[in-house]
Amino acid sequence: MNKKIEEIKQFFAYYCSFKGIYKRIPFWGALIFGSLVFYVFSQIPVPYFDIVGWLGYFYIALSAYQKRCRDLHIKGSWMIAVVSVFFIYMAITHPLGIDKSEFFLPISQIILFVYLCVYLYAQFMPGKKEADEHLTSLLLKHPKAYFAFCLLLFLLGRVMIENWLAD
């Protein structure tokens, strides 16, 4: 039984750790795993669990993009910034149903387009022969602090949008 628990811990550590590198297939697998986390949480009929799942997906995506950037031999701060904007923006607007409103739709389309470009770049660019496991985005020098900052941005944005909608 303990061996199974240890294997499960290693599985989650693999996808949630900011150490190491990802080639193209493991990168894709990490994003699929993140979307599965989101899907499972969104199916639980508890208020806000879909947002918790989305934020879990965001954490896994941050890890995946950082590891992929190391394989591409870049620090990737611009990638991390784009990924962060996409996930935070969608966490704020989509559950409220305003991401497709007249005001937010053009913003949503631009953010989605830029995110898709970053995803395609990360997915299809060939890695370098010598990946640098020590390259780290300036934003992710302290990944847990960065994620906490992103959560704060999410909460502030959510409160501001809800107050704006209430007026």
Around Y121, counting heavy atoms of other residues, nucleotides and ligands shown, do more than 12 lie under 6.0 Å from its OH?
yes

Tell me whether K144 at atom NZ has more than 12 heavy atoms from other residues, nucleotides or ligands lying less than 6.0 Å away.
no

Rounded to the nearest 0.5 Å, how far does OG of S35 lie from CD1 of I60?
9.0 Å

Side chain of Q66, backbone of L140: donor and acceptor closer than 3.5 Å?
no

Quick check: Y14 with Y22 (ring centres under 6.0 Å apart)?
yes

Is the number of heavy atoms from other residues, nucleotides or ligands under 6.0 Å of E102 CD greater than 12?
no

Which distance, rounded to the nearest 0.5 Å, do you find between the OG of S84 and the CZ of F149?
9.5 Å

If you measure from CG on L165 to CE on M160, what distance do you get to the nearest 0.5 Å?
11.5 Å

Going through the checks in order, is the side chain to side chain contact (heavy atoms under 4.5 Å, CB included) test met by Y119 and Y65?
CA-CA 9 Å; Y119 167 75; Y65 277 95; 3.4 Å; yes

Side-chain donor/acceptor of W54 to backbone N/O of F87, under 3.5 Å
yes

From F113 atom CZ to C117 atom SG, the distance as rounded to the nearest 0.5 Å:
3.5 Å

Taking the six-membered ring for Trp and the full ring for Phe, Tyr or His, determine whether the centres of F33 and F11 are under 6.0 Å apart.
yes

Any Lys/Arg nitrogen of D71 or K23 sitting under 4.0 Å from an Asp/Glu carboxylate oxygen of the other?
yes

To the nearest 0.5 Å, atom CG of N2 lies from atom CD of E6 at 8.5 Å

Centres of the W164 and F104 rings: under 6.0 Å?
yes

